[in-house]
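Comments concern the structure below.
Each residue takes its place number in the sequence, starting with 1. Just follow the structure's listing: the first ligand is 1, and inside any ligand the first atom is 1. Here the structure is a predicted model, which means the values were calculated and not measured. FYI, side chains are in, hydrogens and waters are out, and symmetry mates aren't considered; it's all heavy atoms of this structure.
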Amino acid sequence: MNNPVAAHFTLDPAFAVSKVDPRLFGSFVEHLGRCVYTGIYEPGHPTADDAGLRTDVLDLVRELGVSVVRYPGGNFVSGYQWEDGVGPKDARPRRLDLAWRSTESNAFGLGEFMDFARKVDAEPMMALNLGTRGVAEALALQEYANHPGGTERSELRAAHGDAEPYGIRLWCLGNELDGPWQTGHKTAAEYGRLAAETARAMRQIDPGVELVACGSSNQGMATFASWEATVLTHAYELVDHISLHAYYQETDGDRDSFLASAVDTESFIENVVATCDHVGARLKSDRRVNLSFDEWNVWYQSGDCPQLDPDAPPAEDWAEAPRLLEDNYSVTDAVVFGSLLIALLRHADRVKIACLAQLVNVIAPIATEPGGAAWRQTTFFPFAQASRYGRGTVLDVRPEGPTHATRRFGEVPLLHATAVRDEETGEVTVFAVNRHQTAPLPLEVTLRGLDLTRVVEHSVLADADPDARNTRAEQTRVAPHEGEGTTLAGERLAATLEPLSWNVIRLAP
Ligand code: AHR
């Protein structure tokens, strides 16, 4: 079947959404399953460097183009004591991790993470424990990490081998404290007060810190929007961003709705923007609170998640770095994932930070085997391409064209797209998803005032088998291929988007 009608939009540099903050291409490392241990850190692995970091993984993280890494959780952080992860390794305590019903060795901690962040050239985004801890412990960590010297904690950092302060600027004020599953779960008013007091105190040490307050764990939470409004009523003048988290999966075989997941992402963003601005207006504030979408991905939330498992083992049996949340992503998952990236870019005026959750092994674009190989999952490709070609200014894209009916979202456009212009080179990249499972979608774009003369490439991620994936046995089964028949004539770009596909069309002057 062919879609007889083309999807169409016009690009014009006069109609820009916003410059893209490079921190839109962030990721997330949590002490969860094998993200840290045998993921990024594995002393004794044939590729490990002196610090125990896997250089095969470091290479893939650099190729992925991650700009920010959030650490150390996630749910984990709400029971974490950062002091456990610094100083001589043989003196570090083993602890129970309530969040993931695991045992934490603490062999990897703050210093090791900062070394990792430096090696992949990413900005650290440090999450604070506001679940079981509070203002005092946040200040202690800030002083240990950032104070140049001459105080007990800064001298301790130097004694631990890092004389230079870490200079961590970006901090998350807790994690998902709206969620009943969170250790130290709070009401919005309790959390709002704590976030405000922590922020106020941290700014006394350094007014330049950039702070993220916890928003809702997803748009479906019963407290959604009222949580944000209450938290911001307490903390509006003291924070820079509010967080959003969202995960998607195919349910009941309803692939059309799954492919339209970004409809939820975009409405979530727009609803949080409206809530922030409502509070700002009520407070008669000139301040603008932006959005940090610091957990997003496809995630099949199944029985391997200990928090959801009523038959999880007793604490004596909690394993070290067990295999948890090791989703193996298909081509379909990667197309949805690409669509989530498009949603973030389309809202680059307010989404200033975003973190793909997570980076290695745990719902991740990179998979590893202990002692063995590291490889790219299908989701690796859209992220790497968006990070590489999605830097510049997002142009306003308002597509017209065919739609189809979905069970969850009603009538939905088949095309989901955005475009980014690199002002230095004049190149424009169109990112586009065809949501139709079986029909190709003709695409026409009118390019006004952009002086583009050639198609550099049309990269496509699609497959005759939409369930194809890269596995340990077949690590390179799926990769992007070159699209056919894409033309640029005068101001008219014409392409055909394969069924169920992620597309990157690069145009140059
Ligand atoms: O990314 C996995 C988990 O999802 C995180 O720990 C938590 O913040 C979220 O619920």
Side-chain angles (χ1 to χ4, degrees), residues 26-37 39-40 66 68-80 96-102 104 113 125-132 171-186 191 195 212-224 227 231 241-249 261 264-265 268 292-309 312 318 321-327 329 333 337 340 353-367 377 379 383:
S27 186
F28 175 30
V29 167
E30 177 168 4
H31 285 247
L32 193 183
R34 298 192 309 112
C35 185
V36 171
Y37 304 108
I40 62 177
V66 164
V68 166
V69 182
R70 183 167 175 254
Y71 174 83
N75 297 337
F76 172 80
V77 80
S78 296
Y80 183 54
L96 294 176
D97 161 22
L98 274 59
W100 301 105
R101 299 190 185 174
S102 307
E104 171 59 49
F113 172 70
M125 181 181 193
M126 194 58 53
L128 296 163
N129 176 358
L130 294 189
T132 60
W171 301 84
C172 301
L173 299 167
N175 178 71
E176 291 190 353
L177 285 149
D178 64 321
W181 60 86
Q182 200 72 203
T183 312
H185 164 55
K186 294 180 175 35
Y191 171 70
V212 183
C214 288
S216 295
S217 301
N218 60 69
Q219 180 158 229
M221 297 294 291
T223 50
F224 172 63
W227 170 275
V231 168
H241 312 268
I242 188 138
S243 72
L244 296 83
H245 292 179
Y247 295 99
Y248 301 95
Q249 68 188 106
S261 295
D264 175 77
T265 318
F268 189 11
S292 170
F293 213 127
D294 46 43
E295 288 188 31
W296 66 268
N297 204 348
V298 172
W299 175 11
Y300 289 87
Q301 304 203 29
S302 59
D304 69 353
C305 178
Q307 293 170 299
L308 307 175
D309 180 2
W318 291 359
R323 287 185 187 261
L324 294 176
L325 282 57
E326 298 201 5
D327 290 21
Y329 292 116
D333 296 327
F337 179 99
L340 302 181
I353 301 166
C355 302
L356 155 62
Q358 300 192 3
L359 187 57
V360 186
N361 289 326
V362 173
I363 45 173
I366 298 170
Q377 291 236 50
T379 52
F383 190 97

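Contact annotation: for Trp299 versus ligand 1, heavy atoms closer than 4.0 Å belong to the side chain alone. Of the heavy atoms in Trp296, none comes closer than 4.0 Å to ligand 1. In Asn175, the part holding a heavy atom less than 4.0 Å from any atom of ligand 1 is the side chain.
Within the 3.5 Å criterion, the main-chain N or O of Ser217 finds a donor-acceptor partner in the side chain of Asp178. Put simply, the side chain of Trp299 never gets that close to the backbone of Ala357: no donor and acceptor are under 3.5 Å apart. Side-chain atoms of Tyr248 come within 3.5 Å of backbone atoms of Thr265 as a donor-acceptor pair (strictly under, hydrogens ignored).
The distance criterion of under 3.5 Å between nitrogen or oxygen atoms is met by Glu176 with respect to ligand 1. The shortest N/O to N/O separation between Gln358 and ligand 1 falls below 3.5 Å. Polar contact check, Trp100 against ligand 1: no nitrogen or oxygen pair lies under 3.5 Å apart.
Under a 4.0 Å criterion applied to the non-hydrogen atoms of Glu30, ligand 1 contributes the atoms 5 (C), 6 (O). Close approach of ligand 1 to Tyr247 (heavy-atom distance below 4.0 Å) involves ligand atoms 1 (O), 2 (C), 4 (O).
Residues Asn361 and Arg34 come closest through the heavy atom pair ND2-O, 3.0 Å. When all heavy atoms of Met126 and Pro72 are compared, the pair lying nearest together is SD-CD, 4.4 Å.
With sequence neighbours left out, Asp97 forms a side chain to side chain contact (heavy atoms under 4.5 Å, CB included) with Phe76, Ala99, Trp100, Ser102.
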